[in-house]
Amino acid sequence: MSSEYTALLSGEKKKRDDNGSLRRRSLGSFSRFGSDVETPGVKPSGDSISNIPLVLEGWNRKSMSAQADAIPLNDKKGQSTGQRARARSFVQNIDGTMVSMTPVEMGRHELYEEVPFLAMSGLQRKEHSLSVAFSSYAAQLDTLETDEYMAATTGKHLNPEEKERRLSQMSLLLLDELEVDAITVTTPLIFAVLIASMLMFNMGYNISVMNAPEPFVFPGHSTSAWSMAVAAFCVGGPLGAVLAGQWADQRGRRGALMITTWLFIFGGLVQALAPSLNIVIVARAIIGVASGASTVLVPIYLGELAPPNLRGVLGTMTQFALVIGILVADLVGFVLANPTGWRYMFFLTSAMAFFQLLLTPFLLESPRWLLGRNANSNKARFIIKKLRGFRYDEEVETEVEHYLGASKSQSCNDSNDNSGGSSAKNPMLEMFQDKKVRLLVISTLVLQVANQFSGINAVFYYSGLFFDGVIENPLVGTTLMGAINVLATYVALLLMDKCGRRTLIMWSSAGMFVSCIVIVIALNGYFSDMVALGAVASYVCFFEIGLGPIP
């Protein structure tokens, strides 16, 4: 390597165990020390750089340290001053040994620990903020170290202009490298997103599929019987959500997704071939189990496959798949909602799930689940290599360290089995017993209850009956609500990263409250039917900007 371009950090050679595989490293605390690291008897004692801005003190206390030397050091005449003795950034293993990491690797490790293993909408800002904060911190350290080095070798410190230039260059360099995952998407990850999005699409489709064909499905049924058929979906949902966790832990994330896919296929076939409305009720319950399981499995699966920089984006995509599924069900109703086509409308659930089944050979298991069961898993390393597009085993092992360290830091228990095993303690009970998080847990439960009891289900499950008599063709009103739902979801995703969650929830609840009042007044004849339709549209919009996606 030339003296004009020095490496960001030097690294120790990774030692191998007797089996030839790289030993598991449980990542511990970070420390930074200078060129005397190789001096016998000198041990790391923490960060030695001071004067870090107060906004970054939390990072410093967490020992997030790094320094880089990727920019050539030139004197005032533009000549290279040569390669300086490179300082090192280290990670301390649980056994006390040290492993060197580059600033980018350490930044990725911090992202893995701070961003949850869930693909959820609204994470983009947190991901970017973490990257910016770390790159600024590492650039500060590099600038201070460079100034010390120049003073020691030339007798002159960097002037303010040179410091500012180097700080800017290093910040941009590190930020670009930290966020490279956001623009690097491999084919296996694309297939994973596609298959997972199809599950959410199928769930959205079945939320609204009962609206359009209601007059044609076994004509003469009572309102209560039809209500049972619609509500059976909601009865199966909680059961699927509970079972999904057990499936995911026992059979793996991939195995759990396969079970969910087969449930969609079976439930769709039973619903399409049902000889009576009672069988439709059973089929709807089965599909509800599959849908409830999807809401749990899809965020976990994509979150454990995707790098931290992409989890928020993928969460947004799956949310869009859900609302687009609702809209497609309404649009399909214009073609198939008739005495001869309603069975085909129900059969589309199985058709979409079967197409998803054809893609499952490309579906990879979650590397986090595999590493949780066996930290030396070669299969997990092979999957990571495919997902990230790595070429070298050293890159794979560094990524494995990120997974293991983040799994341990995000674990709900003190055991080393972070994802595949079971704990003797009850995490839910522990959270209620912990005074620090008890209020947060209660708030979360209240928001989830408010989400379900807000009345939004009446709009999506019974909009056909709701608009009957309000407008000439109820299906038009249902489709209009589906389109508004998609647009409002997009607006909500934009606002979520710019406004506080609490603010959005307050505005959402207030807007829904006012909309409900207008709807009731309009339906009592004080306003026209179009006002009622507009109030329902407003109700859906306010739901989607806060109370819908945030809980």
Side-chain angles (χ1 to χ4, degrees), residues 54-59 111 114-133 136 179 182 200 204 295 299 303 308-324 326 410 431 434-460 481-520 534-551:
L54 293 177
V55 71
L56 298 173
E57 279 188 358
W59 296 71
L111 285 172
E114 295 297 331
V115 179
F117 280 106
L118 291 173
M120 300 185 300
S121 57
L123 281 178
Q124 292 96 319
R125 185 176 183 181
K126 178 175 182 178
E127 295 163 351
H128 182 69
S129 297
L130 286 170
S131 298
V132 170
S136 299
E179 297 196 332
M200 298 304 292
T295 61
N309 308 74
L310 280 177
R311 290 172 193 167
V313 174
L314 297 185
T316 299
M317 293 177 63
T318 55
Q319 179 72 16
F320 266 110
L322 174 70
V323 296
I324 290 174
I326 295 175
Q410 297 181 23
M431 287 190 292
D434 189 346
K435 295 182 180 180
K436 296 180 180 179
V437 299
R438 183 186 302 163
L439 182 59
L440 178 62
V441 174
I442 294 175
S443 301
T444 302
L445 294 177
V446 170
L447 285 175
Q448 292 290 351
V449 171
N451 177 289
Q452 293 300 311
F453 285 0
S454 64
I456 193 66
N457 290 334
V459 176
F460 294 126
M481 293 304 106
I484 291 174
N485 188 36
V486 174
L487 295 176
T489 299
Y490 176 72
V491 173
L493 295 174
L494 294 179
L495 293 176
M496 204 176 297
D497 274 346
K498 297 180 179 179
C499 304
R501 269 44 170 188
R502 181 179 181 276
T503 301
L504 288 178
I505 289 178
M506 296 299 291
W507 276 101
S508 174
S509 301
M512 292 172 67
F513 176 74
V514 174
S515 299
C516 285
I517 293 177
V518 175
I519 291 173
V520 172
V536 173
S538 172
Y539 178 85
V540 172
C541 288
F542 278 111
F543 175 81
E544 287 297 343
I545 69 169
L547 201 56
I550 291 178

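Since we're looking at a predicted model, the values are computed, not measured. The first residue in the sequence is number 1, and the count goes up from there.
- Taking CG from Leu440 and CG from Leu445, the interatomic distance works out to 9.5 Å, rounded to the nearest 0.5 Å.
- The nearest pair of heavy atoms linking Met200 to Thr318 is CB-O, 3.8 Å.
- Counting all heavy atoms, side chain and backbone alike, Ile456 lies closest to Asn451 at CG2-O, 3.9 Å.
- Shortest non-hydrogen contact noted between Ser454 and Leu547 is CB-CD2, 4.0 Å.
- The distance from the OG atom of Ser508 to the CZ atom of Phe513 is 13.5 Å, given to the nearest 0.5 Å.
- For the pair Tyr490 (side chain) and Phe320 (backbone), a donor-acceptor distance under 3.5 Å is absent.
- Here the side chain of Ser538 pairs no donor or acceptor atom with the backbone of Ser515 at under 3.5 angstrom.
- Contact between Arg311 and Gly303 at its shortest, heavy atoms only, is NE-O, 2.9 Å.
- A donor-acceptor distance shorter than 3.5 angstrom exists from the side chain of Thr489 to the backbone of Asn485, with no hydrogens or angles considered.
- Atoms CD1 and CD, on Ile324 and Gln319 in that order, are 10.5 Å from each other to the nearest 0.5 Å.
- Considering CE of Met512 and CZ of Phe542, their distance stands at 10.0 Å, rounded to 0.5 Å.
- When all heavy atoms are compared, the tightest approach of Ile545 to Ala488 is CG2-O, 4.5 Å.
- Arg502 has its side chain out of reach of Ile505: every pair of non-hydrogen atoms, C-beta onward, lies at least 4.5 Å apart.
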